[in-house]
Each structure stands twice: as structure tokens, then as C-alpha cells.
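None of these values were measured; they are calculated from a predicted model. A note on names: the letters A, B, ... follow the listed sequences, proteins ahead of strands, and every chain is numbered from 1.
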Amino acid sequence: MPAKKNYWLLKSEPDCYSIDDLQRDGTTFWSGVRNYQARNYMRDEMKPGDGVLFYHSSAEPPGVAGIAEIAREGYADATALDPKDDHYDPKSTQENPIWMMVDVKFVKKFKELIPLNELKETPGLEKMMVTQRGSRLSVQPVTEEEWKIVTKMRK
DNA sequence: GCCAACGTTGGC
DNA sequence: GCCAACGTTGGC
């Protein structure tokens with residue numbers, strides 16, 4: 001029996017990497033995550049085919065911009081191994097990587113972004129991590145119920 | 001630009 | 001192992 005599909009919310013600052021960039025690239029490495037909880041999700045729980053809500057953070061307005069999909073399970077984050085990279089971490093090695101990345105594939109861009117405000121007002125999303133005050137985690141699990149609600153909010 | 005939240009670091 | 005200081009995230 002195939003493993004049950006999981007759902008995620010990935011934050012990106014659109015000034016840095018937006019849904020349009022993902023649409024252009026098709027697939028990208030989700031590198032540079034330097035938080036252990038987020039790392040654990042990527043290393044232990046993400047698998048190809050999982051659904052991704054692509055979230056624009058530090059944007060005006062912040063919100064869910066579209067849908068993507070996990071294309072490759074966690075592997076060593078190359079940016080942690082490169083001394084010239086801003087995200088270089090000397091504690092991480094190819095044999096013993098501390099940080100992980102996954103590959104993410106574009107699925108669709110919503111006709112209109114779903115602003116965080118609207119998520120907060122939508123019944124069923126009260127417990128969603130991103131709607132909680134002070135939620136900073138850049139890789140968040142999303143329940144199947146939340147996924148269904150959010151993905152039905154836009155074309 | 002401000003500041004709340006919160007993860008990380010380092011002195012003890 | 002505690003906890004204050006510090007840095008970062010991210011909404012507003």
C-alpha cells in the first residue's frame with residue numbers, strides 16, 4: 001500500500017524566490033533551511049508527491065500564492081557544504097549532513113493570492129499553524145482537511 | 001521601522 | 001542545566 005500523502009506549507013519571501021520563479025523553473029531545490037524542526041520534517045516526513053502550499057512571507061500581503069509538490073525526498077543541502085555560500089555551515093559534511101533540502105515542483109499559481117487575513121477568517125483553518133500569532137516556522141505540516149479547504153479557495 | 005515571538009548561544 | 005543576551009523571522 002502506498003504511504004499516505006502528506007501536506008505542507010513552505011514559506012518563501014517573494015523578493016527572494018516567488019511562485020513566478022518556481023513556475024519559470026519548474027522544479028527547484030528547497031535549500032537554505034536552518035531550523036531543526038523544519039529540517040526534521042524535510043528529512044523524515046516529506047516524500048515525493050506530497051502537496052505543498054506555496055506561501056509568500058514578508059510580502060504585501062502575505063499569503064498562499066499557489067500549489068507545488070514534493071519532487072524528491074530529503075538529501076544533503078549543498079549550500080551548507082559550500083564555503084562560498086551564505087548558508088555555509090562548517091559543521092555539515094557530505095558524509096554527515098546536518099542540513100537537508102528537498103526538490104519542489106511547480107503545480108499551479110492561484111489566479112489570486114489567498115491573503116493571510118482571509119485564511120484567518122476561514123472556518124476550519126483556526127488551528128492551522130500559519131494562522132497562529134507569531135508562527136515563524138518556514139516548513140509547516142498541513143492537515144488533509146486544511147489542504148482541502150485552502151485548495152478550494154482559489155482556481 | 002517596530003516589535004513580539006522564539007530559537008540559539010554562551011557564561012556560569 | 002539554567003537563563004540572559006542576542007539574532008532572526010515576519011506580521012503589521
Overall bend - the helix from B:dG1-C:dC12 to B:dC12-C:dG1, comparing terminal axes fitted on five pairs, nearest 10 degrees: 10°

Taking only residues two or more places apart in sequence, or in another chain, which ones meet [X] in a side chain to side chain contact (heavy atoms under 4.5 Å, CB included)?
| X | result |
| --- | --- |
| A:Glu13 | A:Cys16, A:Ser57, A:Ser58 |
| A:Glu144 | A:Lys4, A:Tyr7, A:Lys148 |
| A:Leu81 | A:Ser92, A:Gln94 |
| A:Asn40 | A:Arg43, A:Asp44 |

Let me know the distance between [atom1] of [X] and [atom2] of [N], rounded to the nearest Å.
| X | N | atom1 | atom2 | answer |
| --- | --- | --- | --- | --- |
| A:Leu119 | C:dC12 | CG | P | 11 Å |
| A:His56 | C:dT9 | NE2 | C1' | 17 Å |
| A:Leu113 | C:dG11 | CG | P | 11 Å |
| A:Met129 | C:dG11 | CE | C1' | 17 Å |
| A:Asn117 | C:dC12 | CG | C1' | 10 Å |
| A:Arg34 | C:dT8 | CZ | C1' | 14 Å |
| A:Glu13 | C:dG10 | CD | P | 7 Å |
| A:Leu116 | C:dT9 | CG | C1' | 14 Å |

According to salt bridge (Lys or Arg N to Asp or Glu O under 4.0 Å), does anything in residues 51-68 of chain A pair up with another residue at least two apart or in another chain? List the pairs. none

According to side chain to side chain donor-acceptor pair (under 3.5 Å), who are the partners of A:Arg24, at least two apart in sequence or on a separate chain?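 Testing A:Arg24 for side chain to side chain donor-acceptor pair (under 3.5 Å), a comparison that skips the adjacent residues, returns A:Asp21.
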
Can any side-chain N or O of A:Glu126 pair as donor or acceptor with the backbone N or O of A:Thr131 at less than 3.5 Å? no

Quick test of your reading of the model: are A:Lys47 and A:Glu73 salt-bridged, counting only N-O distances below 4.0 Å?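 So A:Lys47 does not pair with A:Glu73 through a salt bridge.
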
What are the residues of residues 78-91 of chain A, sorted by number, that bring a heavy atom to within less than 4.0 Å of DNA chain C?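 Close to the strand, none.
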
If you compare every side-chain N and O of A:Lys11 against the phosphate oxygens of C:dG10 (OP1, OP2), does one of them come in below 4.0 Å?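 Indeed, a polar side-chain atom of A:Lys11 lies that close.
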
Selection residues 75-89 of chain A - residue pairs positive for side-chain hydrogen bond (donor to acceptor under 3.5 Å, both in side chains), sequence neighbours left out: A:Arg34-A:Asp77, A:Arg34-A:Thr79, A:Tyr75-A:Asp103, A:Asp77-A:Thr79, A:Asp89-A:Lys91, A:Asp89-A:Trp99

Check which hydrophobic residues are tied to A:Leu22 through side-chain heavy-atom contacts below 4.5 Å, counting indirect links as well, and list them. A:Trp8, A:Leu10, A:Tyr17, A:Ile19, A:Trp30, A:Val33, A:Tyr41, A:Met42, A:Met46, A:Val52, A:Phe54, A:Ile70, A:Val102, A:Val104, A:Phe106, A:Met129, A:Leu137, A:Val139

Which letter, B, S or -, goes with each nucleotide of nucleotides 2-7 of chain C from 5' to 3', with contact meaning a protein heavy atom under 4.0 Å? -----B

Quiz: residues 110-118 of chain A side-chain donor-acceptor pairs under 3.5 angstrom, not counting sequence neighbours:
{"residue": "A:Glu118", "atom": "OE1", "partner": "A:Arg154", "partner atom": "NH2", "Å": "2.8"}
{"residue": "A:Glu118", "atom": "OE2", "partner": "A:Arg154", "partner atom": "NH1", "Å": "3.2"}

